[in-house]
Amino acid sequence: MNIRDIIYITSIAEAGSIGKAAEKLFVAQPSLSKCVKKVEKEYDISLFKRVKGVSVKLTKEGELFLEMARDIVISHSRFEKQLRRLKQQRDTLVLGLTYQRTVNLAGTILEKFYRENPQQILQIQTRDTQSLKYGLLDQSLDAVILATLDKENDMHYEPLQDICVGVRLRTGSPLAKKACFVDGIEYPVLRLEDLKNETFTVNAPGSSSRNIVESMLKQNEVSLEIMDVTNSQSRAAMVKSGIASTFVPVEKNGWNSSDKKENLYLIHPEQNINYQVYLTCLNEFYNTASYIRLINVVKAIFM
């Protein structure tokens, strides 16, 4: 048995089911089931009994295990925090980015960071959205830049950019004729109902951009035909060639200078969803000198 086994079993007990614990930990259910069986075999005990289908409840032996496990988890967490504070004074600062943000931002962030902080090492790791979140939890990442609608209590979120949802219509799309102008908005808008006969290419399920689009559609009870395309350049090529339209993030306070306004529309404000891009870290990392150096650099780039 190791510390990961203890954390897994503690999470199952607190969640009341292996499925819910798996979602919280970003771990496959079979891995958790295997962990439980391993510990049960090692100590010749039974930790859980099934109740109401997929729910589980601790046995008497399980309750005794949980009492011990919680003490170990608390001690281990305290040890990691103290060790982390020591490492933050001398080791590499690790920033996590999604694939597209790595292409768009990594060079600029590194150049500005080293120019202003030559004594500090900054490393950038590229991961998908779920892996970025898990990287913060397992402390393999110090901070991430991420767009999200939901916040975790143990995370600090430094706002970088206010965003709403726009649409880049494919070349030749007839939907341009349905666009209208709304008071107070400079750019043409489309309602979600107008998009129903259009095919949209969107990032893969689980990505921040996909989660935001799905939340907007669910909120407005609209269903659209969607194609999963992970690469943003491929999505742009499909728009240009007239194969499919796509959703794009748009700054609420204006367009990026790099944005091409051609075939670009806003979702109607009555249906749009507003969200933010954040520099995110664990609460305990927020007031460290390393994070302050990083936030000064990143916020200057996003301004």
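These figures come from a predicted structure and were not determined experimentally.
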Beyond-backbone contact of [X] with [Y], side-chain heavy atoms, under 4.5 angstrom:
{"X": "Leu282", "Y": "Met155", "answer": "yes"}
{"X": "Cys180", "Y": "Val189", "answer": "yes"}
{"X": "Leu146", "Y": "Thr129", "answer": "yes"}
{"X": "Asp142", "Y": "Ser290", "answer": "no"}
{"X": "Tyr99", "Y": "Asn203", "answer": "no"}
{"X": "Leu266", "Y": "Cys164", "answer": "yes"}
{"X": "Leu195", "Y": "Tyr265", "answer": "no"}
{"X": "Leu66", "Y": "Thr10", "answer": "yes"}

For a quick check under 3.5 Å, do [X] and [Y] share a side-chain donor-acceptor pair by atom type?
{"X": "Ser75", "Y": "Arg70", "answer": "no"}
{"X": "Asn211", "Y": "Ser208", "answer": "no"}
{"X": "Arg235", "Y": "Gln233", "answer": "no"}

Please say yes or no: joined through hydrophobic side-chain contacts below 4.5 Å, possibly via intermediate residues, are [X] and [Y] part of one cluster?
{"X": "Ile243", "Y": "Val239", "value": "no"}
{"X": "Ile292", "Y": "Leu141", "value": "no"}
{"X": "Met216", "Y": "Ile226", "value": "yes"}
{"X": "Phe48", "Y": "Met1", "value": "yes"}
{"X": "Leu149", "Y": "Leu279", "value": "yes"}

*Reference residue Thr98; test side chain to side chain contact (heavy atoms under 4.5 Å, CB included); the match among Leu132, Asp128, Thr126*: Leu132
_Checking Leu190 against Lys178 for the side chain to side chain contact (heavy atoms under 4.5 Å, CB included) test, could you report, in this order, the C-alpha distance in whole Å, the side-chain angles of both residues, the deciding distance, and whether it holds?_
CA-CA 7 Å; Leu190 288 164; Lys178 296 186 177 182; 4.1 Å; yes
Could you state the interatomic distance from [atom1] ([X]) to [atom2] ([Y]), rounded to the nearest 0.5 Å?
{"X": "Leu95", "Y": "Ile124", "atom1": "CG", "atom2": "CD1", "value": "5.5 Å"}
{"X": "Tyr8", "Y": "Asn2", "atom1": "OH", "atom2": "CG", "value": "9.0 Å"}
{"X": "Ser207", "Y": "Gln130", "atom1": "OG", "atom2": "CD", "value": "9.5 Å"}
{"X": "Thr171", "Y": "Leu169", "atom1": "OG1", "atom2": "CG", "value": "9.5 Å"}
{"X": "Gln29", "Y": "Ser17", "atom1": "CD", "atom2": "OG", "value": "7.5 Å"}
{"X": "Glu193", "Y": "Asn220", "atom1": "CD", "atom2": "CG", "value": "7.5 Å"}

Donor-acceptor pair, distance only, cut-off 3.5 Å: does the side chain of [X] make one with the backbone of [Y]?
{"X": "Thr230", "Y": "Ala204", "answer": "no"}
{"X": "Gln271", "Y": "Arg191", "answer": "no"}
{"X": "Ser245", "Y": "Arg170", "answer": "yes"}
{"X": "Ser31", "Y": "Val27", "answer": "no"}
{"X": "Asn283", "Y": "His156", "answer": "yes"}
{"X": "Asn117", "Y": "Phe113", "answer": "yes"}

List the atom of [X], the atom of [Y], and the distance in Å for their closest heavy-atom pair.
{"X": "Arg127", "Y": "Gly135", "answer": "NH1-CA, 3.5 Å"}
{"X": "Ala21", "Y": "Ala15", "answer": "N-CB, 3.8 Å"}
{"X": "Val39", "Y": "Phe65", "answer": "CG1-CE1, 3.8 Å"}
{"X": "Thr148", "Y": "Tyr275", "answer": "O-CB, 4.2 Å"}
{"X": "Ala22", "Y": "Leu32", "answer": "N-CD1, 3.5 Å"}
{"X": "Arg4", "Y": "Tyr134", "answer": "NH1-OH, 3.1 Å"}

Counting neighbours of [atom1] on [X] that are heavy atoms of other residues, nucleotides or ligands and sit closer than 6.0 Å, is the number greater than 12?
{"X": "Lys240", "atom1": "NZ", "value": "no"}
{"X": "Glu152", "atom1": "CD", "value": "no"}
{"X": "Glu116", "atom1": "CD", "value": "yes"}
{"X": "Glu67", "atom1": "CD", "value": "no"}
{"X": "Asp154", "atom1": "CG", "value": "yes"}
{"X": "Asp44", "atom1": "CG", "value": "no"}
{"X": "Lys112", "atom1": "NZ", "value": "yes"}
{"X": "Lys151", "atom1": "NZ", "value": "yes"}

*Do the ring planes of Phe200 and Phe247 sit parallel (below 30°), tilted (30 to 60°) or perpendicular (above 60°)?*
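The arrangement is parallel - the two ring planes meet at less than 30°.
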_Arg210/Glu214 salt bridge by N-O under 4.0 Å criterion_ =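 Arg210 and Glu214: salt-bridged.
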*Start with the C-alpha gap between Gln161 and Tyr278, add the side-chain angles, then the distance that decides, and say whether side chain to side chain contact (heavy atoms under 4.5 Å, CB included) holds.*
CA-CA 7 Å; Gln161 199 174 40; Tyr278 299 96; over 6 Å; no
*Please report the C-alpha distance between Gln276 and Ile163 in whole Å, then the side-chain angles of each, then the deciding distance to 0.1 Å, and finally whether the side chain to side chain contact (heavy atoms under 4.5 Å, CB included) criterion is met.*
CA-CA 6 Å; Gln276 287 187 310; Ile163 301 292; over 6 Å; no
*Show your reasoning for whether side chain to side chain contact (heavy atoms under 4.5 Å, CB included) applies to Glu61 and Leu47.*
CA-CA 6 Å; Glu61 294 168 326; Leu47 293 172; 5.6 Å; no
_Run Lys196 and Glu225 through salt bridge (Lys or Arg N to Asp or Glu O under 4.0 Å) and show every step you take._
CA-CA 8 Å; Lys196 285 188 174 181; Glu225 183 177 347; over 6 Å; no
